[in-house]
Amino acid sequence: MSQNEAVAALLSDMATLLELLGENQFKAIAHSRASRVIESLDKPVETLDKAALVAIDGIGDKIANKIVEFCATGRMKEHEELAAQVPGGLRQIMELPGLGPKTVRAMWQTLNITDLAGLRKAIDDGSLLTLPRMGEKAVEKIKGAIALGEEATRRTPIGLAMPLAERLRSELLALAKKHAKFKITRVEIAGSLRRGRDTIADLDFLVCTAGAFDSSSKTVHPILEEFTKLPEVRQIIVAGATKASVRCAINIHTARWKGGADQQPAEPTIQVDVRLVPEGSFGAAWMYFTGSKDHNVVLRQRALAQGMTLNEYGLFKEDKTTDVPPQHRGAKPVAAATEEDVFKKLGLAWVPPESRESVGEVALAEKDSLPELIELADIKCELHAHTTASDGKMSMRELVMEAHRRGFHTIAVTDHSKSSAVANGLSVERLKDQIKQVKQLNKQLADEGIDIKVLAGSEVDILADGTLDYDDDLLAELDVVVASPHVALSQDPKTATERLLKAIEHPMVHILGHPTGRLINRRNGLSPDMSTLIAAAKEHDTALEINAHWMRLDLRDTHVRMAVAGGCKIAIDCDDHDITDFDNLRYGLLTARRGGLTAASCVNAWDRKKLLAWLKR
DNA sequence: GCCGTTTTCGGCCCGACTGTTTTCAGTCG
């Protein structure tokens, strides 16, 4: 865990503790916001002094002191004092969907419930019903939430969430077509999926209607009613006039469980929220449901400062003489139909969804100086791919033809090195033979008039001590060297930093592959000092990889932001093992865009001449 | 606890839905 993650976790926990203690809610919100700010910070927090911390939006004098204290001593006294006052088991109860600080505090203070076991007991003996505003239905909901367990809070990797979202979107569009009378004009993906985060808590859809719209109706809108009947839906959480929330199976095609009911494994599910808005509000609504939450708050505060108010129905002139929301008094919005309109009327350039994380993008949009982010069409080559020679499923020829089909001018063959025994890594002799095969294939392709350059390469293991898995003479024969860590991924940060530095500084290495070795939701991987690696990568002209596989996405978005700020070159590679792996490029692109990457800094976006010149440097 | 295009004090984004209530508190995003 990096220092940033450690500080963010402590501040977030302080927010929870403050809520449970019934302290000023705005104090809790301030800690929660500070936690998110530190989590997405593009610098190691331990390198910042107090003045630098206070300069960050959302960090004031007091929280800066706590962060400085933690970085110096490894402790945060105020956190320890708060934690001593609150039973630790309450945190688990707070995580149950539907339960918030007010209710959990009442459970604790009135019924002396301090953990999940106590909550179960209070349900069984009926004492929970004695709490204010606690009836039969509320108890049933809590029982369901307990049964759902960790399933409710687990984030889904984008590589699983995106295909499900695209299928649900087409099913919603099919419903719209079948029921033309509802006049559905658009169905769009919003939320963190549109922002391209590496993991997704819930899927958000925006549905626009040109038909009748009454947000105060007490009946469920028919299109939302239809949505809750889709075959993927496992549970309906809420359904109303403008909104429905359900839990959907992530893998609808997995076989039904045939064993005993009590041993049935929890089926992976994800929450899906659908919001219905009138067509004229499309832009404002898409912005609102895309978020992030903090980005929205910044925009709404900006609107207020300009005498306007912003909600999902539009940007309106503020009217202080009434409490009735503008959309209910028939006010005409200043802007609402498109995102561009709303940003423009706020005095801002349109901000790409991947940048909407409240990390300074609004200030850049005000000056119209947002970076021109890299796009899928900019990617012209793949520099990290495997064949059947090691653990890939494609022959060299199949790999190259797929790269050509996708319009790439260059493809690198980078099978595993000799120490990767489980991946059938190439011995010295086999690698020398493969280099010859690459030369022959290039000649054949030229004869056949197929314009693609095949590079002889290797994904060389960075051994635990930082040495590479082949000697320099052999590496010198290769066109491209990707050096990656595969073993000893639990090293302490200092050892890991020194290990990766050796690879970055090695004159034969072009690209540092999946630098931390993390696997999302499965393995944290290394926590090297990124700022040290980035400075070295810049100095030695070594590119850092964004491994595009959705289980890796390594570098992650915050690392990319640091690397871009540090002037590093970035490679976006699919690490292809199978022909379908090429499709993971979209996820690497989203991560790159979240980090503010431009085509100029991405080696995969260069033309062949520039790329080859860099590889021969 | 944070922050300032009215403010260094006094606010703090805004709306939907549910369940338990006789008008709204709590939760969520």
Side-chain angles (χ1 to χ4, degrees), chain A residues 11 14-15 18-19 23-35 37 53-66 78 94-106 129 131-142 145 152 190-192 201-204 206 214-221 224 236-245 271-277 281 284-285 287-316 318 320 323-328 347 358 366:
Chain A
L11 291 173
M14 281 185 73
L18 289 166
E19 284 182 317
E23 300 266 342
N24 179 341
Q25 58 169 318
F26 294 107
K27 185 171 168 181
I29 290 170
H31 280 81
S32 178
R33 171 152 185 250
S35 165
V37 166
L53 286 166
V54 172
I56 300 169
D57 220 24
I59 310 280
D61 189 65
K62 298 219 178 75
I63 289 182
N65 280 339
K66 291 170 205 174
E78 196 181 330
M94 270 287 278
E95 281 182 7
L96 296 172
L99 287 184
K102 299 271 169 53
T103 315
V104 176
R105 182 172 160 78
L129 282 166
L131 286 182
R133 306 190 67 84
M134 185 63 68
E136 297 284 352
K137 283 190 178 176
V139 171
E140 280 309 307
K141 276 195 166 177
I142 294 171
S192 55
D202 49 43
L203 303 181
D204 295 294
L206 178 62
D214 176 11
S215 68
S216 58
S217 163
K218 291 291 169 199
T219 58
V220 180
H221 191 282
L224 298 176
I236 300 171
I237 301 167
V238 300
T242 78
K243 171 182 172 175
S245 286
Q271 182 167 331
V272 181
D273 301 325
V274 177
R275 271 297 299 263
L276 183 75
V277 298
S281 299
M287 282 172 69
Y288 176 62
F289 296 113
T290 297
S292 66
K293 181 187 174 74
D294 291 322
H295 173 86
N296 285 348
V297 169
V298 170
L299 291 191
R300 288 183 173 194
Q301 285 170 340
R302 186 180 176 87
L304 286 175
Q306 296 177 357
M308 298 184 285
T309 179
L310 176 64
N311 62 27
E312 57 264 55
Y313 295 103
L315 180 66
F316 299 89
E318 204 178 16
K320 287 191 171 137
D323 279 342
V324 181
Q327 67 273 15
H328 288 315
S358 188
E366 185 171 35

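Chain identifiers are assigned alphabetically (A, B, ...) following the order of the sequence lines, protein sequences preceding nucleic acid strands; residue numbering begins at 1 within each chain.
Minimum interatomic distance between A/Ala239 and A/Val220 (heavy atoms only, all atoms of both residues): O-CG2, 3.5 Å. Scanning all heavy atoms of the two residues, the minimum distance from A/Gly347 to A/Arg302 falls at O-NH2, 3.8 Å. Of all heavy-atom pairs between A/Leu206 and A/Phe289, the closest is CD1-CD1, 3.9 Å. Closest heavy-atom contact between A/Ala303 and A/Leu315: CB-CD1, 3.8 Å. The minimum heavy-atom distance linking A/Gly100 with A/Met94 is given by the pair C-SD, 3.7 Å.
Between A/Gln271 and B/dG29, a side-chain N or O to OP1/OP2 separation shorter than 4.0 Å is present. A/Lys62 has a side-chain polar atom (N or O) that falls below the 4.0 Å cut-off from OP1 or OP2 of B/dG1. Between A/Ser215 and the phosphate of B/dG15, there is no side-chain N or O to OP1/OP2 separation shorter than 4.0 Å.
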**Asked** Do A/Thr103 and A/Met134 pass the side chain to side chain contact (heavy atoms under 4.5 Å, CB included) test, and can you show the C-alpha distance, the side-chain angles, and the key distance before you say yes or no?
**Response** CA-CA 9 Å; A/Thr103 315; A/Met134 185 63 68; 3.7 Å; yes

**Message:** Set out, in order, the CA-CA distance, both residues' side-chain angles and the distance that settles salt bridge (charged side-chain N to carboxylate O under 4.0 Å, His left out) for A/Lys62 and A/Glu78, then state yes or no.
**Reply:** CA-CA 11 Å; A/Lys62 298 219 178 75; A/Glu78 196 181 330; over 6 Å; no

**Asked** When you look at A/Asn311 and A/Phe316, which way does the side chain to side chain contact (heavy atoms under 4.5 Å, CB included) test go after all the steps?
**Response** CA-CA 8 Å; A/Asn311 62 27; A/Phe316 299 89; 3.6 Å; yes

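With rounding to whole Å, A/Arg275 atom CZ is found 6 Å from B/dA16 atom P. For A/Met134 and B/dT21, the CE to P distance is 11 Å, given to the nearest whole Å. Regarding A/Glu312, its CD atom lies at a distance of 6 Å from the P atom of B/dA16, rounded to whole Å. The interatomic distance linking A/Ile142 (CD1) with B/dT27 (P) rounds to 10 Å, in whole Å. In this structure, A/Arg105 places its CZ atom 12 Å from P of B/dG26, rounding to the nearest Å. Taking atom CD on A/Gln25 and atom P on B/dC28, their separation rounds to 14 Å, with Å as the unit. If you measure from atom CE of A/Met287 to atom P of B/dC13, you get 16 Å, rounded to the nearest angstrom. If you take CG of A/Asn296 and P of B/dC28, they are 18 Å apart, rounded to a whole angstrom.
Of the candidate nucleotides B/dC13, B/dC17, B/dT27, B/dC13 has the atom nearest to the side chain of A/Val297. For A/Asp273, the listed nucleotide lying nearest its side chain is B/dG29; candidates were B/dG15, B/dG29, B/dT20. In the set B/dT20, B/dT18, B/dG1, B/dT18 carries the atom at the smallest distance from any side-chain atom of A/Lys141. Checked against B/dC17, B/dC2, B/dG15, the side chain of A/Pro326 finds its nearest nucleotide in B/dG15. Considering only side-chain atoms of A/Thr103, the nucleotide from B/dC14, B/dG1, B/dG26 that sits closest is B/dG26. Checked against B/dG1, B/dT27, B/dC13, the side chain of A/Lys27 finds its nearest nucleotide in B/dG1.
Nucleotides B/dT20 and B/dA25 are separated by 16 Å at their P atoms, to the nearest Å. Taking atom P on both B/dC3 and B/dC13, the two are 13 Å apart, rounded to the nearest angstrom. As rounded to the nearest Å, B/dA16 and B/dT5 have C1' atoms that lie 33 Å from one another. For B/dT23 and B/dC17, the C1' atoms lie 16 Å apart once the distance is rounded to whole Å. Spacing of P atoms, B/dG10 relative to B/dG15, comes out at 26 Å, to the nearest Å. On the P atoms, B/dC12 is 15 Å away from B/dT6, given to the nearest whole Å. The C1' atoms of B/dT8 and B/dC14 are separated by 27 Å, rounded to the nearest whole Å. A gap of 30 Å separates the C1' atoms of B/dG11 and B/dT18, to the nearest Å.
Among the heavy atoms of the strands, none lies under 4.0 Å from A/Glu19. The residue A/Lys218 sits apart from the nucleic acid: no heavy atom pair falls under 4.0 Å. Among the heavy atoms of the strands lying under 4.0 Å from A/Leu310 are primed sugar atoms or P, OP1, OP2 only; no base atom is included. A/Ile29 comes within 4.0 angstrom of no nucleic acid atom, judged by non-hydrogen atoms across all strands. When heavy atoms are screened at a 4.0 angstrom cut-off, A/Ala28 is found touching no nucleic acid atom at all. Nucleic acid contact class of A/Ala241 (heavy atoms, under 4.0 Å, all strands): sugar-phosphate only. Using a 4.0 Å heavy-atom criterion, one finds that A/Asn311 contacts the sugar-phosphate atoms exclusively. As judged by a 4.0 angstrom heavy-atom cut-off over every strand, A/Lys293 is placed among the base-contacting residues. The residue A/Pro132 sits apart from the nucleic acid: no heavy atom pair falls under 4.0 Å. Here A/Gln327 lies in heavy-atom contact (under 4.0 Å) with sugar-phosphate atoms only. At a threshold of 4.0 angstrom between heavy atoms, the contacts of A/Thr309 are confined to the sugar-phosphate backbone, with no base atom among them.
Interface remark: the A/Asp204 side chain does not form any donor-acceptor pair with the B/dG29 base, using a distance-only criterion of under 3.5 Å. For A/Tyr313 against B/dG15, no side-chain N or O and base N or O form a donor-acceptor pair under 3.5 Å.
Of the two residues near DNA chain B, A/Gln301 and A/Pro101, the one whose nearest nucleotide lies more 5' is A/Gln301. In terms of position along DNA chain B, the nucleotide closest to A/Ser217 lies nearer the 5' end than the nucleotide closest to the other residue of the pair A/Ser217 and A/Gly100.
Pair assignment for B/dT8: none, as no Watson-Crick or G-U wobble contacts are both less than 3.5 Å.
Using a 4.5 Å cut-off on side-chain heavy atoms (C-beta onward), A/Pro325 and A/Tyr313 make no contact. No side-chain heavy atom of A/Leu11 sits less than 4.5 Å from a side-chain heavy atom of A/Arg33.
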Protein and nucleotides 3-5 of chain B: nitrogen or oxygen contacts under 3.5 angstrom:
| unit_1 | atom_1 | unit_2 | atom_2 | d |
| --- | --- | --- | --- | --- |
| B/dC3 | OP1 | A/Gly58 | N | 2.5 |

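Distance check: A/Ser281 OG to A/Gln327 CD gives 8.0 Å after rounding to the nearest 0.5 Å.
By the stacking rule of 5.5 Å between ring centres and under 30° between planes, A/Phe26 does not stack on the base of B/dC2.
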